[in-house]
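Working notes for the structure below.
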Amino acid sequence: MQIADLRLGIRRSRHGILLILKSEILDLKSQIMLTPALVRLRSVKNRLVPQFLDASLESWRNLADQMLDLFREANGRSYGELESDAEDIASAHPARIVAQGLAKVLEDRCEFEVVAGHPPEEIRERVFLLAEQHRRNGTLERAAVLQLVATELGCAVDAVEAGLFADLKSEQRLKQFEDTTTTRLIERYNVGLAQAILLRATSVSVTLRNEPPARFRRLFRAIKFHRLVVEVEQPSPGIVVLRLDGPMSLFSATQRYGLQLANFLPHVLQSRQFDLRAEVLWGTQKKEKLLVLSNQDGLVSHVADTASYVPPEMQMFADLFRKKCPEWTLEEETEVLPLGRGFWVPDFRLTHRMLGGVVYMEMLGFWRRSSAEAHLRNLRKHAQTPFLLAVSDQLKIDEAELEGMPAEIVRYRQMPLPDEVSRLALAALTQ
Amino acid sequence: MEGTQIQLSYDGGSIVVEGGTEAVRETLPGCVFDSRTQLHRAPARQYRAIVEQLRRERIDYTDKARAYEPKAFPLKTDRLPFPHQSEGVDTWWRAGGSGLVVLPTGTGKTFLAMLAITKVGRPALVVTPTIDLINQWHRELNEHFGGDIGMLGGGAYDLQPITVSTYDSAYMHVERWGNRYGLLICDECHHLPGPSYQMIATMSIAPFRLGLTATPERADGLESVYEELLGPIVYRREIHQLAGEFLAEYRTVRVYVDLTAEEQQSYQTHRDKYRQFLSRSGISLGGPNGWQRFVVEASRSAEGRAAYQAYREQKRLERAPLAKLTKLAELMERHRGERILIFTADNATVYRISRQFLVPAITHQTKAKERRRMLERFHSGEYSIMVTSQVLNEGVDVPAAAVGIVLSGTGTTRENVQRLGRILRKFGDKQALLYEVVARGTAEEFTSERRRQHTAFK
């Protein structure tokens with residue numbers, strides 16, 4: 001599978017733009033981050049060392065539980081009260097900003113609503129209009145106005161007074177809290193902490209080791225979605241370095257892409273082995289700092305990992321091919337190949353044991369027809385290495401569309417046949 | 001693509017230059033080789049300079065960057081411009097259609113912008129600070145040009161040949177609109193020089209640019225950025241040059257109030273407390289990052305937290321002592337029947353005043369619909385008083401307002417001039433009056449001095 005132009009995720013039709021915006025909003029909503037003011041870190045020379053919470057430590061678990069309990073029992077209470085109770089817990093704790101950070105994570109799981117007998121807007125309008133009349137006559141008396149409005153609305157004076165600004169955020173009542181576990185809360189806090197620093201990043205570089213093709217495809221898709229520019233380097237087999245920033249980063253270090261880089265983090269966290277280095281402009285003085293993260297930090301992604309899924313026919317083919325064609329080695333870890341303005345990550349790498357040559361293989365199975373066609377166009381135009389294309393009959397791709405492709409082609413129904421693949425791979429190699 | 005024709009395209013706020021020879025690409029204004037993507041790239045604002053150079057040197061090029069066509073925008077109304085409006089727009093046009101026009105609030109910057117749109121004849125994007133202002137621009141553009149006026153911000157995403165946007169939305173979506181407008185108008189353009197908002201002008205290709213403001217000066221000295229992003233100040237008129245004929249006559253009055261003995265004592269105690277903490281921690285609030293250091297230090301110890309509480313308390317006393325509210329009641333009574341706008345520094349005081357005196361309040365939490373209705377009622381006279389913090393500081397039209405009462409605010413001249421501007425629009429033969437209520441014996445006296453350092457208050 002390939003990702004076309006990584007930098008242009010923009011559809012120019014009006015309809016398309018609306019769709020993209022919508023999915024972006026959803027994406028942002030699912031990303032709970034701490035604000036930079038809540039970031040707890042140590043500064044060691046030019047390094048920013050985030051102080052992640054150890055989810056196995058009793059003291060953090062107790063604090064997390066205390067916050068969780070507050071939110072679990074807060075139904076019907078006002079935002080202002082909840083905020084002030086959370087602040088009470090926080091200021092009693094030696095690590096106040098940890099408590100505030102945990103509260104922020106939980107607050108983002110809350111839904112608040114306006115509770116008032118009458119719409120506050122209506123109460124206000126009646127009160128202000130009546131007060132205006134009385135003021136004009138020089139007879140304005142606060143209590144009298146409220147009493148008159150209460151009579152009009154058929155409620156108590158207190159209800160008028162309380163309802164007047166019941167729609168202000170601080171007056172709104174908690175309607176629903178999406179509960180979570182102590183461990184998840186701490187995990188989410190830790191990711192939110194790292195993301196809050198990345199919000200101030202100007203560029204990020206990620207080194208990945210021995211990741212499957214599906215991982216890279218997913219990462220490239222996320223890069224495209226977040227409209228980042230990527231530079232790919234492969235210093236040695238199995239190691240891929242991604243350098244990420246945005247188009248305008250060329251002219252000066254800009255934090256414009258910080259949000260996108262922060263949103264990209266959860267995708268990186270799914271990798272087995274990674275090192276991440278971010279250039280950050282930190283603090284009001286915007287000092288140049290470095291953030292270093294790796295899989296050793298134990299950050300747990302909250303984004304569903306679909307990249308670990310291997311379609312069964314692919315696994316079956318790989319097993320069978322290894323058994324039946326011992327003259328080849330088949331590897332699922334391939335390479336990131338440049339393809340026009342984007343990149344291409346084939347499914348398999350076949351190395352001939354005797355000849356030593358390499359042939360890449362791509363399986364076009366459950367693809368959307370339009371993306372398969374776009375991919376074929378790109379391959380035809382830009383592919384440089386010999387490769388082998390296995391096309392599922394279910395895709396209903398015409399022979400004509402495969403004409404002139406710089407590749408050997410296998411059509412298959414359930415799974416490509418190993419013998420045929422071996423024969424065509426050899427043909428590609430000796431071409 | 002080496003050797004083929006030069007081709008310009010727009011990519012996420014930049015101009016990508018391909019084809020031609022490297023020698024040509026290298027010399028184009030702002031062009032840099034991008035090793036990441038292996039091509040030449042320039043910030044989009046260089047588009048005009050690049051095209052001008054290619055034309056001057058008679059180099060053929062394909063322009064895939066520009067995604068708009070010239071289009072005539074005739075005015076549908078027969079409103080005649082004031083002399084300073086036509087003079088302003090003509091001067092701007094002769095300066096190459098790029099630069100700032102500085103006019104006091106209330107002297108018709110919106111109409112001047114419309115004259116510029118007609119003159120340029122290219123799709124135009126107007127960027128303005130608040131939701132209230134995009135609504136106001138939208139209404140006026142619609143009245144004078146008819147047809148569909150686009151809107152970005154406040155939940156709307158609709159790009160049309162003439163579109164109004166907030167700075168926030170323009171910044172957020174600049175990659176999507178940056179090559180679709182030939183004229184960029186920045187209203188209240190003193191907002192533009194901030195590091196984020198700058199990108200609006202940097203990532204747009206618009207060859208024609210107009211900045212509008214009454215107050216180009218900035219506390220951080222970033223005025224120099226205008227030149228690069230919009231062009232130089234090409235035309236300028238001050239309040240006192242236009243008062244009377246095009247603006248209402250006005251007076252500004254300072255009123256002092258005393259804290260009660262109890263308040264005074266509490267003020268002093270709290271003030272001493274946080275200042276002692278500051279001096280022990282070696283922090284000067286006026287120094288670089290003084291405020292940030294205070295907040296950080298304050299969060300580290302119980303003593304620090306107490307100092308921070310003390311700071312807040314003395315600020316609260318300074319902003320809304322009893323005497324200010326009593327004075328406010330007195331001023332409201334004195335100007336009964338006139339349209340009064342009350343300004344405070346913070347929302348808590350807005351709501352306190354609204355609750356106590358039962359007058360409508362507008363803050364950033366007030367929903368657009370309710371806001372619109374309040375402003376309409378204020379205009380028609382159904383409401384004679386409104387209280388607000390910062391949302392009405394800028395641009396929003398409240399021509400009926402004749403009396404402004406500044407109960408508290410920042411020490412910036414900009415805020416003060418903008419607040420004065422709210423009550424200066426001509427409306428009948430009103431005589432505008434701006435009160436500033438200052439708590440005697442508090443730090444507010446200095447704040448008041450600072451915010452009056454402007455010709456309008458001399």
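Sequence lines set the chain letters: A, B, ... in the order given, protein chains first and strands last, and positions in each chain run from 1.
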Taking all heavy atoms of [X] and all of [Y], pick out the closest pair and write down the distance.
X	Y	result
B:Arg336	A:Asn137	NH1-C, 4.0 Å
A:Tyr257	B:Gly12	OH-O, 4.3 Å
B:Ser14	A:Phe251	CB-CE1, 4.2 Å
B:Ala361	A:Phe128	N-CE1, 4.4 Å
B:Glu175	A:Arg227	OE1-NH2, 4.0 Å

Quiz prompt | Value rounded to 0.5 Å, distance of OG in B:Ser354 from CZ in A:Arg124 | solution =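 If I round to the nearest 0.5 Å, the distance is 8.0 Å.
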
Quiz item: How many angstroms lie between OG1 in B:Thr366 and CG in A:Asp167, if you round to the nearest 0.5 Å?
Solution: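 Rounded to the nearest 0.5 Å, the OG1-CG separation comes out at 8.5 Å.
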
Would you say [atom1] of [X] has more than 12 non-hydrogen atoms from neighbouring residues, nucleotides or ligands within 6.0 angstrom?
X	atom1	result
A:Glu288	CD	no
A:Arg136	CZ	yes
A:Glu141	CD	no

Practice problem: Return the set of residues passing side chain to side chain contact (heavy atoms under 4.5 Å, CB included) with A:Val241 (not counting sequence neighbours), or none when no residue passes. | Solution: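 If we apply the side chain to side chain contact (heavy atoms under 4.5 Å, CB included) test to A:Val241, skipping adjacent residues, the hits are A:Ser205, A:Thr207, A:Glu233, A:Pro235, A:Arg243.
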
Exercise. Just jot down the side chain to side chain contact (heavy atoms under 4.5 Å, CB included) partners of B:Thr326, sequence neighbours excluded, or say none.
Key: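 Per chain and number, B:Thr326 pairs via side chain to side chain contact (heavy atoms under 4.5 Å, CB included) with no residue.
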
Self-check item: Toward chain A, the part of B:Gln365 with a non-hydrogen atom under 4.5 Å
Solution: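 Just the side chain, heavy atoms under 4.5 Å.
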
Practice problem: Check whether B:Ser196 gets within reach of chain A through its side chain, its backbone, both or neither, counting any heavy atom under 4.5 Å. | Solution: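 No part of B:Ser196 comes within 4.5 Å of chain A.
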
Quiz item: Do the non-hydrogen side-chain atoms of A:Arg135 and B:Ile385 ever get within less than 4.5 Å of each other?
Solution: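 The answer is yes; the side chains approach within 4.5 Å.
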
Quiz item: Is the shortest heavy-atom distance from the side chain of B:Phe33 to the side chain of A:Leu250 under 4.5 Å?
Solution: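 Result no, sub-4.5 Å side-chain heavy-atom pair not found.
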
Self-check item: side chain to side chain contact (heavy atoms under 4.5 Å, CB included) assessment of A:Leu129 paired with B:Tyr383
Solution: CA-CA 7 Å; A:Leu129 283 173; B:Tyr383 289 145; 3.6 Å; yes

Quiz item: Distance-only, no hydrogens or angles: does the B:Arg36 side chain make a donor-acceptor pair with backbone N or O of A:Pro247 under 3.5 Å?
Solution: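 Between the backbone of A:Pro247 and the side chain of B:Arg36 there is a qualifying donor-acceptor contact (under 3.5 Å).
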
Quiz item: Distance-only, no hydrogens or angles: does the B:Arg355 side chain make a donor-acceptor pair with backbone N or O of A:Glu161 under 3.5 Å?
Solution: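 Flag set: sc B:Arg355 to bb A:Glu161 pair under 3.5 Å.
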
Quiz item: Measuring heavy-atom distances to chain B, does A:Gln133 have an atom under 4.5 Å in its side chain, in its backbone, in both, or in neither?
Solution: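 Neither the backbone nor the side chain of A:Gln133 comes within 4.5 Å of chain B.
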
Quiz item: Non-hydrogen atoms of chain B under 4.5 Å away: do they reach the side chain of A:Leu168, the backbone, both or neither?
Solution: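 Contact with chain B is through both the backbone and side chain of A:Leu168.
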
Self-check item: Candidate list B:Lys367, B:Arg373, B:Arg371, test salt bridge (Lys or Arg N to Asp or Glu O under 4.0 Å), partner A:Glu121, passing option
Solution: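 In the set B:Lys367, B:Arg373, B:Arg371, the residue that makes a salt bridge (Lys or Arg N to Asp or Glu O under 4.0 Å) with A:Glu121 is B:Arg373.
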
Exercise. Among the options B:Pro43, B:Gly13, B:Gly337, pick out the one with the most heavy-atom pairs lying under 4.5 Å from chain A.
Key: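 Winner by heavy-atom pair count: B:Pro43.
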
Quiz item: Of all of B:Pro195, B:Ala42, B:Gly30, B:Ser35, which one pairs up most often with chain A through heavy atoms under 4.5 Å apart?
Solution: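 It is B:Ala42.
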
Practice problem: Not counting sequence neighbours, which residues clear salt bridge (charged side-chain N to carboxylate O under 4.0 Å, His left out) with B:Asp63? List them please. | Solution: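 Listed in chain order: B:Arg66.
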
Exercise. Sort by residue number and list every member of residues 88-98 of chain A having a non-hydrogen atom under 4.5 Å from chain B.
Key: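 Residues A:Ser91, A:Arg96 are the ones that qualify, each having a heavy atom under 4.5 Å from chain B.
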
Exercise. Would you verify whether the NZ or CZ of A:Arg256 falls within 45 degrees of the ring axis of B:Tyr171 while also being under 6.0 Å from that six-membered ring's centre?
Key: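 Yes; both conditions hold, so A:Arg256 lies above the ring face of B:Tyr171.
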
Self-check item: Electrostatic pair A:Glu132-B:Arg377, nearest N-O below 4.0 angstrom
Solution: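 Salt bridge: no.
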
